[in-house]
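Only one structure is covered here, and it is reproduced in the block below.
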Amino acid sequence: MVIQKYDLYNSILIYRFNEKDAMPYPRLELDQIRVYPLKERYSMTQIEEIVVDPDSPPPPPGDVGEIIKQTAVLIRSARERGASVMLTYGAHLLRNGMGPTLIRMMEEGWITHLATNGAGIIHDWEYSFLGRSTESVRENTPKGQFGTWDETGKNINLAAAIGAADDLGFGESIGRFIWKDGATLPLSEELAHAIRNNPWRKRTPALADLLQLMIRFDLPGGPYTIQHPWKKYSVPGNAYRLKVPFTVHPGIGYDIISNHPYFSPAAIGRGGGIDFQTFAASVTNLSSGVYISVGSAIMSPQVFEKAMSCANNVLLQKGKSVRDHAILIVDIQDGGGWDWTQGEPPKTNPAYFLRFCKSFYRMGGHLDYACADNRLVVHNLYAALKA
């Protein structure tokens, strides 16, 4: 039966590959991309200049002070109950120097799950490796240099491919790579043997992707070492150290790791898929828990609503559901000028189309919106938790 299935699969492939109109559109081959040493790029932020000391006095919280105090109370209650406390953030939180505060909150057990987008790990990796990050999109795009930085694209893509072969999510792959200063590449002969002997194994496509990368770029098996002198500031690196789930929810073509010959979309998609499962598992434990979304107006609400549906689908089969959870949204936008405590606006109101409010409003539970700088909210929140 296996042989028949294999032959059928091959006949389909041969048929598709012989079609004259199978691939009618031109593609830009990324092998043509010229990359440049990262150290030659002007970076606008340096990690040791931007980091905020978690123990320093936070700025006055102003109008959002009461929301922050209430959220701290809810987090304490959630942890006493063993419920999830999830924090999803956009890359600006890192560029504002709040990485050490997130690390401290993990160390003290306040956060049980961290999540970010592709940019969140790119800045983190560059800070860990070089101590600086952030380039000028306006200046570098016309020159064809935006995102074409060799070490960034090479190492993040390679970390994702190695991690996927080990059945790790994208976030854990990056965290391990940073904390262990690299990874170990299997021998190409061993990979080829595993692929031939187990063609239907779930991980075999990941092994094939890694083998292809190693062959294309002549990467030998064995230790692949790259130092990360500033890894103490790395959120995924420390999450790996502390064994706290850290997930990454990327988009293909969203991030500068696409602008490199090493670009491995299959590995990134595979790792992102594993991370969605991990994220959804944390949501299943969100009853009486807390979900915090900091500066992520698109990724966080979109991923959360799908994960919430998956979690409820599984829980309802056991007569349960996610309930009594609290959601805190942090952003600098004004929420469309709509008072979300009064319900969802009509479609004729522009606020209806603000995903970072509307999607979360539809997820049930208690919702608060803190319209404020993310440094102010996160710094004050940690201060309230440790008080």
Side-chain angles (χ1 to χ4, degrees), residues 36-62 68 87-108 111 114 116-141 143 145-156 171 174-175 177-179 181 226-242 246 248 255-257 294-296 330-332 372-383 385-386:
Y36 303 88
L38 182 60
K39 65 181 180 181
E40 294 182 0
R41 185 192 73 194
Y42 170 70
S43 297
M44 295 184 285
T45 55
Q46 298 201 28
I47 187 64
E48 292 177 341
E49 293 180 357
I50 63 171
V51 289
V52 175
D53 180 0
D55 294 322
S56 64
I68 293 171
L87 193 152
T88 302
Y89 63 93
H92 276 85
L93 188 64
L94 285 185
R95 289 165 55 178
N96 284 337
M98 297 307 296
T101 304
L102 297 182
I103 294 168
R104 184 72 65 79
M105 292 172 78
M106 284 192 289
E107 289 175 335
E108 296 180 5
I111 294 177
L114 278 163
T116 192
N117 54 16
I121 57 163
I122 290 168
H123 290 296
D124 193 293
W125 186 85
E126 290 187 346
Y127 287 137
S128 301
F129 169 70
L130 193 62
R132 52 189 171 92
S133 187
T134 315
E135 64 179 304
S136 172
V137 181
R138 182 182 293 109
E139 292 181 8
N140 289 343
T141 302
K143 295 185 293 185
Q145 291 184 1
F146 173 55
T148 57
W149 309 107
D150 190 26
E151 294 87 348
T152 304
K154 175 181 180 180
N155 287 290
I156 293 180
I174 296 298
F177 191 85
I178 292 172
W179 197 251
D181 291 318
I226 179 165
Q227 297 298 320
H228 297 86
W230 291 271
K231 64 183 176 184
K232 69 178 182 180
Y233 298 115
S234 171
V235 180
N238 280 278
Y240 178 81
R241 170 178 68 89
L242 296 165
F246 179 95
V248 181
D255 305 302
I256 65 168
I257 54 174
V294 183
S296 182
V330 181
D331 214 303
I332 57 174
D373 182 271
N374 55 42
R375 286 168 292 196
L376 179 148
V377 175
V378 173
H379 198 173
N380 275 278
L381 178 59
Y382 175 64
L385 286 168
K386 70 174 186 176

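Owing to the predicted nature of the structure, the values given are computational and were not obtained by experimental measurement.
Separating the OG1 atom in T152 from the OH atom in Y36 is a distance of 14.5 Å, to the nearest 0.5 Å. Remark: S128 OG to N155 CG distance equals 11.5 Å, nearest 0.5 Å. The line from OH of Y233 to CG of D124 is 12.5 Å long, rounded to the nearest 0.5 Å. In this structure, CG on L93 lies 11.5 Å from OG1 on T88, to the nearest 0.5 angstrom. The distance from the CD1 atom of I122 to the CD1 atom of I256 is 5.0 Å, given to the nearest 0.5 Å. Here the straight-line distance linking atom CG of N238 with atom CD of E107 works out to 6.5 Å at 0.5 Å rounding.
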Could you walk me through whether I103 and R241 satisfy the side chain to side chain contact (heavy atoms under 4.5 Å, CB included) test, starting with their C-alpha distance in whole Å, then the side-chain angles of each, then the deciding distance to 0.1 Å, before giving a yes or no?
CA-CA 10 Å; I103 294 168; R241 170 178 68 89; 4.3 Å; yes
Given the rule in the side chain to side chain contact (heavy atoms under 4.5 Å, CB included) test, do T45 and Y127 qualify, once you have shown the distances and angles that lead to the verdict?
CA-CA 9 Å; T45 55; Y127 287 137; 2.7 Å; yes
Yes or no on side chain to side chain contact (heavy atoms under 4.5 Å, CB included) for R132 and E48, after CA distance, side-chain angles and deciding distance?
CA-CA 8 Å; R132 52 189 171 92; E48 292 177 341; over 6 Å; no
Pair M105-L381, side chain to side chain contact (heavy atoms under 4.5 Å, CB included): steps then yes or no
CA-CA 10 Å; M105 292 172 78; L381 178 59; 4.2 Å; yes
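A 4.5 Å side-chain heavy-atom check between V235 and Y89 finds at least one atom pair inside the cut-off. Side-chain contact between L94 and E126 is absent, with no heavy atoms from C-beta onward closer than 4.5 Å. Between I156 and I174 the shortest side-chain heavy-atom distance falls below 4.5 Å. With contacts defined as side-chain heavy-atom distances shorter than 4.5 Å, the pair I226/F177 qualifies.
Nearest approach of S296 to G90, heavy atoms of both residues: CB-N, 4.1 Å. Minimum interatomic distance between S133 and R41 (heavy atoms only, all atoms of both residues): CA-NH2, 3.5 Å. When every heavy atom of D331 is checked against every heavy atom of G295, the shortest pair comes out as OD2-CA, 4.1 Å. Considering every non-hydrogen atom in both H379 and P57, the closest pair reads CE1-O, 3.8 Å. Between R95 and I50, the closest heavy-atom pair is O-CD1, 3.5 Å. Considering all non-hydrogen atoms of both residues, L38 and E151 come closest at N-OE1, 2.8 Å.
Scanning for salt bridge (Lys or Arg N to Asp or Glu O under 4.0 Å) contacts around R375 gives D373, with sequence neighbours left out. Shown here are the side chain to side chain contact (heavy atoms under 4.5 Å, CB included) partners of A372, two or more places apart in sequence or in another chain: V64, L376, V377.
A 6.0 Å sphere centred on NZ of K232 holds no more than 12 heavy atoms belonging to other residues, nucleotides or ligands.
Proximity of a side-chain donor or acceptor of N380 to a complementary backbone N or O of P59 within less than 3.5 Å is detected. Side chain of D181 to main chain of H228: a donor-acceptor pair is present (N/O by atom type, distance under 3.5 Å, no hydrogens or angles).
Using a 3.5 Å distance cut-off with no hydrogens or angles, the side chains of W149 and E135 do pair a donor with an acceptor. Judged purely by distance below 3.5 Å, without hydrogens or angles, the side chains of S136 and R138 never pair a donor atom with an acceptor atom. Looking only at atom types and distance, the side chain of Y240 has no donor-acceptor partner in the side chain of S234 under 3.5 Å away.
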